[in-house]
Amino acid sequence: MKTGSMIFSLLQVPRCRIHSLANYCGGTFHSFNKICRNNSSVRLFGSRIYGLQGGHRKKWTRRPISTNTEGTGSTKSRSTKDEILRETILTNATLNVNKTQLGQFQEIQYCDIEEIAQNKDLSSLVTVIVFDIETTGFKRENERIVEIALRDLHGGENSTFQTLVNPQRYVPNSHIHGITTQMVNRPDVPRMEDLIPILLHYVRSREKPGGYVLWVAHNARSFDVPFIIHELRRCSTEVPPNWLFVDTLPLARELMKSGGTKLSSISLAALSELYKIKVDGSAHRAMVDVNTLSLILPKLTIDLKLTLSSLVKKSFRGSDIINSKRKKNSN
DNA sequence: TGCCAGGCCCTCTTTAGGGCCTT
């Protein structure tokens, strides 16, 4: 028996009360791997690559949402009436987000990670979201986000969210991600301040009652999370206290140190090569990298024998990033 | 036109420097 399947078998025993990512994602590791084939998504704005249509602000045009029922392998488009209803709900819900609601996040006390990890019903509390951002560069003080993509690993309808973001500035690194100044500096592409309320509302719609959101990204601690915190703060918004972050970069390092694999480096590309994950689309586009990491994560956690609880223990809070920056500045 | 950071790890180390990862 392979190590991975053995761990999974152990985790399937309810009496163990251990919540693996496999359990989290619908009961089987196999179903976890099907997630990326589920085509249910929310797209606000995209490039021609995604076939999105433009429009004026507050008259945004979204693509019809289609659902690919897991396991059937066939795409089942909803009726036009259903699409309109859903679009209406989403739009109304977006409009209902206001400063008061955002302020409520800030009244909640930051969570105790150890306490959360020890919860016996962890899988019913945690929403795992793999995310990625594309930016105009590395220096978050001056640079801006040009694309953001998320995937709720629980799957289901609207389990992904992706949009281009108007940086309101020149995009000097189009050669990296293919996103040009012309693609994003348009009135129909939302600025970060436009997007934040929508994004927060979307994430809240994926949360479980009284639960937590576990954000996962590669190099999250050094790049994605500080960048997002900086952008939120620039728009007078704080990271919700029930958000936790996991960086897969140290997990890759841990795997490489453990030996037993042919991992050549700790990059996302090396991980996808190790696990023979075919990159479907242009690497360095946010949703492509999200899909890649979504497929890497379950394999990585099995190789490292990580349960959902142990993954939570390895997480950090937005406040940890902010506090470490304050300490550095005070020195 | 626009222009190179920051966190972590390793070691030839720890009062430092270089490499890797992210865009």
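Letters A, B, ... mirror the listed sequences (proteins, then strands); counts begin at 1. All values reported here derive from a predicted model rather than from experimental measurement.
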Notebook entry, point to check: With rounding to whole Å, what would you report as the distance between B:dC12 and B:dC20 at their P atoms?
Noted result: 15 Å

May I ask you to verify if any side-chain N or O of A:K257 is less than 4.0 angstrom from the OP1 or OP2 atom of B:dC10?
yes

note: A:E143, atom CD; B:dC3, atom C1'; distance rounded to Å ~ 9 Å

Assert: residue with more 5' nearest nucleotide on DNA chain B, out of A:R221 and A:K139, is A:K139

B:dG2 to B:dG6 separation - C1' atoms, rounded to the nearest Å
22 Å

Across all chains, not counting sequence neighbours, the ring pair (Phe, Tyr, Trp, His ring centres under 6.0 Å) partners of A:F316 are A:F245

Report yes if some heavy atom in the side chain of A:L122 is under 4.5 Å from a heavy atom in the side chain of A:T307; otherwise report no. no

- Distance, P atom - from B:dT22 to B:dC3, rounded to whole angstrom: 24 Å

To the nearest angstrom, the CG-C1' distance between A:L251 and B:dC8 comes to 13 Å

From CZ of A:R140 across to P of B:dG6 the rounded distance in Å is 7 Å

Taken to the nearest whole Å, CZ/A:R169 to P/B:dT1 is 14 Å

| message | Between B:dG18 and B:dT1, how many Å separate the two C1' atoms, rounded to a whole number? | response | 33 Å

* Asked: In terms of the angle between their ring planes, are A:Y202 and A:F161 parallel, tilted or perpendicular, with boundaries placed at 30° and 60°?
  -> tilted

A:H175 atom NE2 is separated from B:dC3 atom P, nearest whole Å, by 14 Å

The side chain to side chain donor-acceptor pair (under 3.5 Å) partner of A:R151 among A:T160, A:D132, A:N291 is A:N291

Scoring nucleotides 17-23 of chain B by protein non-hydrogen atoms under 4.0 Å (B base, S sugar-phosphate only, - none) yields ----BBB

Rounded to whole Å, CD1 of A:I229 lies from P of B:dG7 at a distance of 11 Å

Quiz item: C1' atom, B:dT23 versus B:dG7: distance in rounded Å?
Solution: 15 Å

Side-chain (A:S310) to main-chain (A:L306) donor-acceptor, under 3.5 angstrom: no

dist A:T248:OG1 -> A:L255:CG (nearest 0.5 Å) comes out at 11.5 Å

query = Which whole number of Å gives the distance between the P atom of B:dC4 and that of B:dC8?
reply = 23 Å

Would you call A:W215 and A:V246 a side-chain contact if the rule is heavy atoms closer than 4.5 Å?
-> no

*asked:* Rounding to an integer number of angstrom, what distance separates B:dC21 and B:dT15 when you compare their C1' atoms?
replied: 27 Å

Here the distance between atom P of B:dC4 and atom CG of A:N142, to the nearest Å, is 8 Å

